[in-house]
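Scope of the values below: all heavy atoms of this structure, side chains included, with no hydrogens, waters or symmetry mates. Values in this document were obtained by computation on a predicted structure and should not be read as measured data. When a residue number appears, it is its place in the shown sequence, counting from 1.
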Amino acid sequence: MLGVTPKTLTNFPPSSIFPFNSKSQTALPSNLSFPSSTRFTHKYQTVSAVSNPVQQPKLAESLSPGQFRVDILSESLPFIQKFRGKTIVVKYGGAAMKSPALQASVINDLVLLSCVGLRPVMVHGGGPEINHWLSRLNIQAVFRDGLRVTDGDTMEIVSMVLVGKVNKTLVSLINKAGATAIGLSGMDGRLITACPSPKAADLGFVGEVEQVDPSVLRPLIASGHIPVVTSVAADKYGQPYNINADTVAGELAAALEAEKLILLTDVAGILENKDDPKSLVKEIDIKGVKKMMDNGKIGGGMIPKVNCCVRSLAQGVRTASIIDGRVPHSLLLEILTDEGAGTMITG
């Protein structure tokens, strides 16, 4: 990243189900570098970063590795200045949560962004790990319309896994990488008040966000900590609910008046032609994205993500991006380059 391998940034070991464990860990390869864009022109040469966005370009014979790294760092300065002191809410999930290498990339990106003055907030779910533990306890996972049916027993497992395991493991990994993370659920400090989903009769304890009170987060963010928030919250009677993590991220971003909301996904972003992966829409406004939805160009699992972004923008978030979490260091590409790593929606 950025052509540097800080001693505090480390890689994390794989796991057959979910890449969280406490075994020995190995350092990131020293040849990783930060590209300034998907395709950029360096003052020494033009570099294509499409096929391998983290491969260090071949240096000119007259250029030392140290000088090259300094130049890359200096080119990122305008982006650092633009976002320094600004809150960035990142929803972590998809392939980036299942792949050990991508997980290490996201963790290290968050720590780097925090070190250069941004104020990242991570929001996460944990579907694969929930499924794993339900299977171990001989509880069948049931889905309707893509949503998990959450009865009382399942809700207990969801709380145990998301709050007690996934959240605390992410906190540990961020701390190990050199930052200071604080793990929270929606129940902590009344951060999120939940309410039943309109489909509660079919889905059980699947909830929606009724209210957000970010007062518990503000001092943590101001002091340089990285809040890690899981998508479990309780209603006013204390009943826990499982809430979609995209929804939680969008509502938190709005409540925190965030500069940017980023959703990590398993797709390149919004496509003009959903059957053509090369038809990526790099930037679009709310009016344009609503027109695409009306024309049927956006469908399936992308609809709730787009609605989440539109809702957060309507509440004051400056920009919202749906980015490809399968690309290493996609967070840095999105925040510290002009090209980005997916689709940016503007208000």
### Query
Within the distance-only criterion (no hydrogens, no angle test), does the side chain of S231 pair as donor or acceptor with the backbone N or O of I243 below 3.5 angstrom?
yes
### Message
Side chains of T150 and L203, heavy atoms from C-beta outward: is any pair under 4.5 Å?
### Response
no
### Task
Starting from the C-alpha separation in whole Å, work towards a yes-or-no answer on side-chain contact (heavy atoms from CB on, under 4.5 Å) for V123 and L252.
CA-CA 9 Å; V123 177; L252 276 180; 3.7 Å; yes
### Task
Give, for atom CG of L336 and atom CZ of F83, the distance between the pair rounded to the nearest 0.5 Å.
8.0 Å
### Task
Please report the closest heavy-atom contact between P214 and A255, naming both atoms and the distance.
CG-O, 3.8 Å
### Any donor-acceptor N or O pair under 3.5 Å, side chains R148, N131
yes
### Flag side-chain contact, heavy atom, 4.5 Å: L332 against L113
yes
### Query
Is it the case that one hydrophobic cluster holds both F205 and V163, taking links as side-chain heavy atoms less than 4.5 Å apart, direct or via other members?
yes
### Message
Is there a side-chain contact between V166 and L170 in this structure, where contact means two heavy atoms from C-beta onward sitting under 4.5 Å apart?
### Response
yes
### Query
Any idea which heavy atoms bring G250 and S312 closest together, and the distance?
O-CB, 3.6 Å
### Task
Taking N295 for its side chain and K297 for its backbone only, find out whether a donor-acceptor pair lies under 3.5 Å.
no
### Task
May I ask you to check whether over 12 heavy atoms, not counting those of K290, lie within 6.0 Å of atom NZ?
no
### Euclidean distance, I221 CD1 relative to L118 CG, rounded to 0.5 Å
12.0 Å
### Under 3.5 Å donor-acceptor, D188 side chain and S185 backbone
yes
### Message
Under 4.0 Å between a side-chain nitrogen and a carboxylate oxygen: does that hold for K287 and D285?
### Response
no
#### Entry: Beyond-backbone contact of T87 with E257, side-chain heavy atoms, under 4.5 angstrom
no
#### Entry: Candidate pair H132 and V161, rule side-chain contact (heavy atoms from CB on, under 4.5 Å), full reasoning
CA-CA 10 Å; H132 170 63; V161 171; over 6 Å; no
### Task
Report whether V281 and V306 are members of the same hydrophobic cluster (ILVMFWY, side-chain heavy atoms less than 4.5 Å apart, transitive linking).
yes
### Spatial distance of atom CD1 (I270) from atom OG (S279) [nearest 0.5 Å]
11.0 Å
### Message
Determine whether L162 and N242 satisfy the following criterion, side-chain contact (heavy atoms from CB on, under 4.5 Å), listing intermediate values before the conclusion.
### Response
CA-CA 10 Å; L162 294 187; N242 184 22; 4.2 Å; yes
### Query
Have N175 and S172 got a donor and an acceptor in their side chains that come within less than 3.5 Å?
no
### Summary
To the nearest 0.5 Å, atom CG of D109 lies from atom NE2 of H329 at 5.5 Å
### Hydrophobic cluster membership, M344 vs I88, 4.5 Å side-chain cutoff
no
### Same apolar cluster (I L V M F W Y, side chains within < 4.5 Å links), V212/I182
yes
### Task
Could you tell me whether the side chain of S114 and the main chain of L110 form a donor-acceptor pair under 3.5 Å?
no
### Task
Would you give the length of the straight line joining atom CD1 of I226 to atom CD1 of I107, rounded to the nearest 0.5 angstrom?
8.5 Å
### Query
Do S321 and E334 meet the criterion of a side-chain donor-acceptor pair at a distance under 3.5 Å?
yes
### Query
Any side-chain heavy atom of V90 within less than 4.5 Å of one from V121?
no
### Task
Check salt bridge (Lys or Arg N to Asp or Glu O under 4.0 Å) between K291 and all other residues, then give those that pass, not counting sequence neighbours.
none
#### Entry: Test: R119 and E259 ion pair at under 4.0 Å
no
### Query
Counting distance only, does the side-chain N/O of T193 pair as donor-acceptor with the main-chain N or O of E210 below 3.5 Å?
no
### Query
Counting only heavy atoms not in R218, do more than 12 fall under 6.0 Å of its CZ?
yes
### Query
Are the side chain of N167 and the backbone of V228 linked by a donor-acceptor contact shorter than 3.5 Å?
yes
### Smallest separation among heavy atoms of T337 and G340, with atom names
OG1-N, 3.1 Å
### Task
Give the cluster check for I298 versus L280: same hydrophobic cluster or not, with ILVMFWY residues linked at side-chain heavy-atom distances below 4.5 Å.
no
### Query
With sequence neighbours excluded, what pairs up with E156 under the side-chain contact (heavy atoms from CB on, under 4.5 Å) test?
M160
### Chi angles and distances behind the side-chain contact (heavy atoms from CB on, under 4.5 Å) call for L263, I323
CA-CA 6 Å; L263 305 182; I323 71 172; over 6 Å; no
### Query
Just how far is it from atom OG1 of T230 to atom CG of L191, taken to the nearest 0.5 Å?
11.0 Å
### Query
Between the main-chain N or O of V116 and the side-chain N or O of R84, is there a donor-acceptor pair closer than 3.5 Å?
yes
### Message
A side-chain contact here means heavy atoms from C-beta on lying under 4.5 Å apart; do I322 and C309 qualify?
### Response
yes
### Query
Should R311 and E251 count as an ion pair when the cut-off is N to O under 4.0 Å?
yes
### Task
Measure across L184 and K168 and return the closest heavy-atom pair with its distance rounded to 0.1 Å.
N-NZ, 4.5 Å
### Message
For a quick test of reading the model, state the closest non-hydrogen atom pair linking A249 to V89 and the distance between them.
### Response
O-CG1, 3.7 Å
### Query
Hey, does I345 have a side-chain heavy atom less than 4.5 Å from the side chain of L313?
yes
### Query
Who are the side-chain contact (heavy atoms from CB on, under 4.5 Å) partners of R190, not counting sequence neighbours?
none
### Message
Using side-chain heavy atoms (C-beta onward) and a distance below 4.5 Å, is Y241 in contact with V232?
### Response
no
### Message
For a quick test of reading the model, state the closest non-hydrogen atom pair linking L333 to P328 and the distance between them.
### Response
CD1-O, 4.2 Å
